Amino acid sequence: MHNSTQQIHQVVTVGLDERSYPIIIGSHVLAQLPQHFPALPKQLLIISNPTVAELYLPAVKQALAGHELVVHLIGDGEQYKSLQHYGEVMDTLMAWGLNRDCAIIALGGGVVGDLAGFVAATYQRGVAFYQIPTTLLAQVDSSVGGKTAVNHPDGKNMIGAFYQPLGVLIDTQCLSTLSDRDYACGLAEIIKYGIIYDAEFFAWLERHANDLMARDTTALSYAIARSCDIKAAIVGADETEQGVRALLNLGHTFGHAIEAHDYEHWRHGEAVAVGMVMATQYMLQQQQFNAADAARIVALIGRCGLPTQAPIMPEHDWRSYMLRDKKVKGGQLRLVLPTAIGAAELRMVKDWSGVYQAIVATTHD
Ligand SMILES: NC(=O)c1ccc[n+]([C@@H]2O[C@H](COP(=O)([O-])OP(=O)(O)OC[C@H]3O[C@@H](n4cnc5c(N)ncnc54)[C@H](O)[C@@H]3O)[C@@H](O)[C@H]2O)c1
Ligand SMILES: [Zn+2]
């Protein structure tokens, strides 16, 4: 069914001077891909995975009738974000003789987007790149801001580049097929934007938590657009993370420790959710955070189907995992800490015992 309401979409611009690009957000916008991106060249390589391709590749192919399409599928999972699978995509590009005028389209979650972006950044020193993110996390986080990468066996995202797409198309309809867990992981990053940057958005999330849990498209479109807006503003101010972009790591230093400790049972968004509670708890203990606002943070995270307590882990493990963080400088832990709902700071933290106390207070007993 096509009625006029389905044509409504929002546009967020990522402002990076001559590299600025639009993020188109709406329901059923997949079918309008060429209208939104009229500069798409004739030759296109679509990178996706079998799960997403089965669901959404037919619609994309239909929208792109008239283009020369090559499709390369990588397997479904973080392990496919590797140099080996990057190499296989390069083999496909070479085998089909795609030239510098081609464009790469990423159709999928953050794994596909990160790998496809790195392919686009490096094939013949850079070709046009478009993103069609299909997970909530990719729509509000990984598709915005130009970080691309593959993993090294010894470290996540160790090989990569900053490379901005020419456009991002977000179809909220794609989220109807996402698992509850993957959906909640995207909500964790959305809540993060409210905490670090926008008290009013945080209050909006509190009012609309039930709508979001029901995947109401109107509420979702707003939450996604506002999240992209905030990430775009931060990236526009600090593309290569010399300063304010670090605030996007709220909860991530704690979260990475949980992920490193128990990779199998914890998703990134779940670990970040607990990490945001820990960062808030730390500030509460320092008497630098309002108790009622701390309770609001924990309550919203819980209502969004996310955990608020960490698994039991030895103090030594917490410490060594957290000191591996990219923000550590000269052996000093630096944490993103909320100062109020809507504001956060990157701070050097000298007292480990205070940090550990916050961890213990946020752990299952
Ligand atoms: N570049 C950045 O700035 C940035 C930021 C955050 C995360 N990341 C990266 O993103 C990756 C995680 O992304 P993710 O959470 O999207 O994981 P993912 O890409 O693995 O997707 C999660 C699962 O959802 C499936 N899926 C995707 N779209 C679907 C849909 N519409 N319906 C049903 N299933 C669907 C996928 O096949 C996969 O099984 C990590 O590699 C992380 O490093 C990058
Ligand atoms: Zn994250």
Side-chain angles (χ1 to χ4, degrees), residues 14 30 47-57 59-60 73-82 85 106-118 121 129 131-152 155-165 168 170-193 196 215 220 227-228 231-232 234-235 239-241 245-256 258-259 263 266-276 306 326 336:
V14 182
L30 221 50
I47 302 176
S48 191
N49 77 23
T51 311
V52 178
E54 190 183 335
L55 293 163
Y56 301 109
L57 188 57
V60 171
L73 302 186
I74 59 166
D76 186 350
E78 181 75 31
Q79 69 270 32
Y80 295 95
K81 210 176 99 174
S82 72
H85 296 95
L107 175 68
V111 167
V112 164
D114 279 11
L115 177 126
F118 188 51
F129 178 44
Q131 292 249 37
I132 307 176
T134 60
T135 64
L136 186 55
L137 179 124
Q139 294 184 348
V140 300
D141 191 356
S142 63
S143 71
V144 184
K147 282 189 182 176
T148 75
V150 295
N151 301 324
H152 184 274
K156 259 195 75 148
N157 299 327
M158 281 298 150
I159 305 153
F162 284 97
Y163 194 67
Q164 302 292 343
V168 180
I170 295 178
D171 194 331
T172 54
Q173 206 54 44
C174 293
L175 300 176
S176 62
T177 51
L178 200 60
S179 73
D180 288 341
R181 267 187 98 177
D182 280 311
Y183 184 77
C185 286
L187 291 178
E189 305 284 0
I190 292 176
I191 295 168
K192 179 189 78 181
Y193 294 122
I196 63 171
R215 307 194 193 190
L220 259 175
S227 298
C228 289
K231 183 152 184 191
I234 292 173
V235 169
E239 186 181 5
T240 55
E241 199 164 324
R245 189 165 182 169
L247 299 186
L248 294 170
N249 288 305
L250 173 68
H252 282 60
T253 306
F254 294 103
H256 287 152
I258 297 173
E259 288 179 88
Y263 213 97
W266 285 80
R267 296 280 175 83
H268 174 72
E270 296 165 347
V272 167
V274 173
M276 293 193 293
L306 289 158
K326 283 201 215 80
V336 179

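Bear in mind the structure is a predicted one, so any value in this text is a computation, not a measurement. Position 1 is the first residue of the sequence; numbering continues from there. Counting starts at 1 for both ligands and their atoms, in listed order.
- Counting atoms of ligand 1 from 1 in the listed order, those under 4.0 Å from a heavy atom of L55 are 32 (N), 33 (C).
- Taking every heavy atom of Y56 and a limit of under 4.0 angstrom, the matching atoms of ligand 1 come to 31 (N).
- No donor-acceptor contact under 3.5 angstrom links the side chains of D182 and T135, judged on distance only.
- Under a 4.0 Å criterion applied to the non-hydrogen atoms of K231, ligand 1 contributes the atoms 3 (O).
- Given atom 42 (C) of ligand 1, the protein heavy atom at minimum distance is K156 NZ, 3.6 Å.
- Between V144 and ligand 1, not a single N/O pair is under 3.5 Å apart.
- Residue contacts with ligand 1 leave out Q139, since none of its heavy atoms falls under 4.0 Å from the ligand.
- Residue contacts with ligand 1, taken as heavy atom pairs separated by less than 4.0 Å, do not involve Q131 at all.
- At a heavy-atom cutoff of 4.0 Å, ligand 1 is contacted by no atom of T148, backbone or side chain.
- In this structure, atom 40 (C) of ligand 1 lies nearest to the protein heavy atom E78 OE1, 3.2 Å.
- More than 12 heavy atoms of other residues, nucleotides or ligands sit less than 6.0 Å from atom CD of E78.
- The protein non-hydrogen atom at the shortest distance from atom 34 (N) of ligand 1 is L178 CD1, 3.9 Å.
- Given atom 6 (C) of ligand 1, the protein heavy atom at minimum distance is D141 OD2, 3.6 Å.
- The nearest protein atom to atom 24 (O) of ligand 1, hydrogens excluded, is given as D182 OD2, 3.6 Å; this is a heavy-atom distance.
- Close approach of ligand 1 to N157 is summarised as follows: ligand atoms under 4.0 Å from at least one heavy atom of the residue are 43 (O).
- Each of K147, R245, Q164 was scored for a side-chain hydrogen bond (donor to acceptor under 3.5 Å, both in side chains) with E239, with one residue passing: Q164.
- Of all the heavy atoms of L175, none lies under 4.0 Å from any atom of ligand 1, so neither backbone nor side chain is involved.
- Considering each of L137, T51, T134, V235, the one bringing a non-hydrogen atom nearest atom 7 (C) of ligand 1 is L137.
- The distance from atom CG of N151 to atom CG of L115, rounded to the nearest 0.5 Å, is 9.5 Å.
- Residue V52 touches ligand 1 through its side chain alone, judged by heavy-atom distances below 4.0 Å.
- No other N/O/S atom of E189 lies as close to the Zn ion (ligand 2) as OE2 does.
- Geometrically, ligand 1 and T135 share a nitrogen or oxygen pair separated by less than 3.5 Å.
- No other N/O/S atom of H268 lies as close to the Zn ion (ligand 2) as NE2 does.
- Counting heavy atoms under 4.0 Å from ligand 1, residue D76 touches it through the side chain alone.
- Taking all heavy atoms of V140, L136, V111, D114 into account, the minimum distance to atom 20 (O) of ligand 1 is reached by V111.
- At least one N or O atom of C174 sits closer than 3.5 Å to an N or O atom of ligand 1.
- Given atom 33 (C) of ligand 1, the protein heavy atom at minimum distance is T177 O, 3.2 Å.
- Scanning all protein heavy atoms for the shortest distance to atom 10 (O) of ligand 1 gives G110 CA, 3.3 Å.
- At the shortest separation from atom 4 (C) of ligand 1 among protein heavy atoms lies S142 CB, 3.2 Å.
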